[in-house]
2 protein chains.
Amino acid sequence: MRILAERADIIPQLAEVFRTFGYEGTSLSRITERTGLGKGSLYHFFPGGKEEMASAVLADIDDWFEREVFTPLLRETPENGLAGMWKAVRCYFQSGGRICLVGAFALDGTRDRFAAGIAGYFGRWTGALTTTLVRAGWTDRAAEDAARDAVLGIQGALVLARAMNDPALFSGAVDRLEARLRQPAPSR
Amino acid sequence: MRILAERADIIPQLAEVFRTFGYEGTSLSRITERTGLGKGSLYHFFPGGKEEMASAVLADIDDWFEREVFTPLLRETPENGLAGMWKAVRCYFQSGGRICLVGAFALDGTRDRFAAGIAGYFGRWTGALTTTLVRAGWTDRAAEDAARDAVLGIQGALVLARAMNDPALFSGAVDRLEARLRQPAPSR
DNA sequence: TACATATTGTACCTATCGGTACATTCAAGG
DNA sequence: CCTTGAATGTACCGATAGGTACAATATGTA
């Protein structure tokens with residue numbers, strides 16, 4: 001067994017730091033402070049420095065969603081896939097207590113640095129959700145709109161919940177988003 | 001007439017810098033570069049430095065929404081108030097080409113610095129919108145939920161549009177949000 | 001024109017930024 | 001053991017961060 005750190009162990013801690021302070025607000029000294037790892041270790045695991053650290057975090061998030069959300073959405077029945085997605089979303093974002101790092105990075109200049117990863121994450125999410133809704137009987141157009149509205153609703157709920165410092169706001173919004181995707185043919 | 005700068009002239013330029021780089025990513029040198037004003041002028045108008053600059057920008061945004069959105073919402077007929085809000089939203093966010101600084105600040109550590117202002121902005125927005133919907137015949141509960149969903153939808157649409165680098169995505173989402181508020185009694 | 005005030009440019013300060021170099025320590029395999 | 005390579009701590013680098021001090025300049029008014 002290893003006592004020393006492994007790259008994979010560090011990534012969740014890095015993610016928390018970036019989530020807390022944003023990309024620009026995250027300094028190496030803050031990373032050291034939160035992870036207990038000096039620059040020596042940090043640059044050993046991530047020779048590309050801060051940018052590679054953030055990149056690794058994004059890739060890790062991407063993997064998690066691919067495994068826990070996107071793939072189930074496409075492989076299981078639409079009902080199970082959707083149920084799994086909402087459960088995963090509530091769990092991952094800790095009922096509104098944790099923000100989406102990908103969304104946060106998208107808003108400022110950090111986006112340019114990770115444009116491909118950010119667009120890929122949201123593209124595959126809305127894509128998988130659209131496909132699922134079509135399989136559930138929605139028309140192509142309605143499914144695409146509804147998928148975007150769901151994903152964007154989650155992001156907006158995270159913004160609003162954090163702005164108002166009220167995580168319950170996230171839970172309530174997610175309940176309504178989930179309900180909206182359950183009616184097979186949209187009434188509007 | 002004055003040739004030298006006035007505080008009010010600087011604020012929109014400051015807003016653009018903060019929008020582009022975020023609070024932490026905005027350095028004094030970048031502000032100087034974009035505004036053409038040296039540290040002398042900057043600290044003359046904003047003795048509190050960067051924090052006061054961002055604070056002034058937030059207050060300016062707040063004023064604009066108060067004047068152009070919240071007040072009309074409460075003073076005019078619900079139909080006119082709502083129509084005005086959607087027009088103002090499309091215009092202000094430049095059809096998805098411009099993000100909401102208040103929402104961006106809410107997501108990272110910057111929130112703690114401006115917590116009151118950020119919560120106030122979103123609180124007054126959802127509050128005015130709730131009141132308007134009640135006046136339009138919605139039940140209290142449905143109005144409150146719908147108001148939150150609309151505001152959060154706008155924020156999420158900005159995130160998604162920027163993430164996908166597709167401003168049209170914002171316009172489409174706003175069309176649907178507007179339509180959803182138009183049906184007096186929600187079908188669900 | 002002369003004065004008072006508002007505005008601006010220059011020089012400088014300390015702290016910290018991201019990053020590098022490298023010697024040291026550690027764990028495991030032969 | 002002893003070697004080897006992964007992992008780490010320490011010291012350091014130039015650049016830039018936010019901020020201050022203050023002299024110089026511009027402006028409106030008497």
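Everything numeric here is computed off the predicted structure, so don't read it as measured data. Convention: sequence-line order gives letters A, B, ...; per-chain numbering from 1.
The closest donor-acceptor contact from the side chain of A/T126 to the backbone of A/R148 lies at 3.5 Å or more, if one exists at all. Within the 3.5 Å criterion, the main-chain N or O of A/S29 finds no donor-acceptor partner in the side chain of A/K39.
In this structure, the NZ atom of A/K50 is 12 Å from the P atom of D/dA17, given to the nearest Å. Between the P atom of D/dA17 and the CE atom of B/M53 lies a distance of 13 Å, rounded to the nearest Å. What separates CD of A/E52 from C1' of C/dG18 is a distance of 14 Å, to the nearest Å. If you measure from atom CD of A/E6 to atom P of D/dA6, you get 13 Å, rounded to the nearest angstrom. The separation between A/L28 atom CG and D/dT10 atom C1' is 15 Å, rounded to whole Å.
Contact record, A/A56 with A/I11: CB-CD1, 4.0 Å, taken as the closest heavy-atom pair.
Near DNA chain C, meaning a heavy atom under 4.0 Å from it, residues 10-27 of chain B has no residue at all. If you check residues 31-44 of chain B against DNA chain C, the residues with a heavy atom closer than 4.0 Å are B/G38, B/G40, B/S41, B/H44, listed by number.
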List the steps and the verdict of salt bridge (Lys or Arg N to Asp or Glu O under 4.0 Å) for A/R67 and A/D63.
-> CA-CA 6 Å; A/R67 187 170 5 97; A/D63 284 351; 5.8 Å; no
Should B/R19 and B/E16 be marked as a salt bridge (Lys or Arg N to Asp or Glu O under 4.0 Å) after you check the CA-CA gap, both sets of side-chain angles, and the distance that decides it?
-> CA-CA 5 Å; B/R19 244 185 276 271; B/E16 278 316 306; 3.3 Å; yes
Would A/R7 and A/E52 satisfy salt bridge (Lys or Arg N to Asp or Glu O under 4.0 Å), going step by step from the backbone distance to the final call?
-> CA-CA 12 Å; A/R7 206 182 118 113; A/E52 188 176 339; 3.5 Å; yes
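Screening residues 99-118 of chain A for side chain to side chain donor-acceptor pair (under 3.5 Å) gives A/E51-A/R113, A/D108-A/T110, A/R111-B/N165 as the qualifying pairs, with residues at least two apart or on separate chains.
Checked against A/F105 for a ring-ring contact (aromatic ring centres under 6.0 Å, His included), the options A/F114, A/F122, A/Y121 give a single hit: A/F114.
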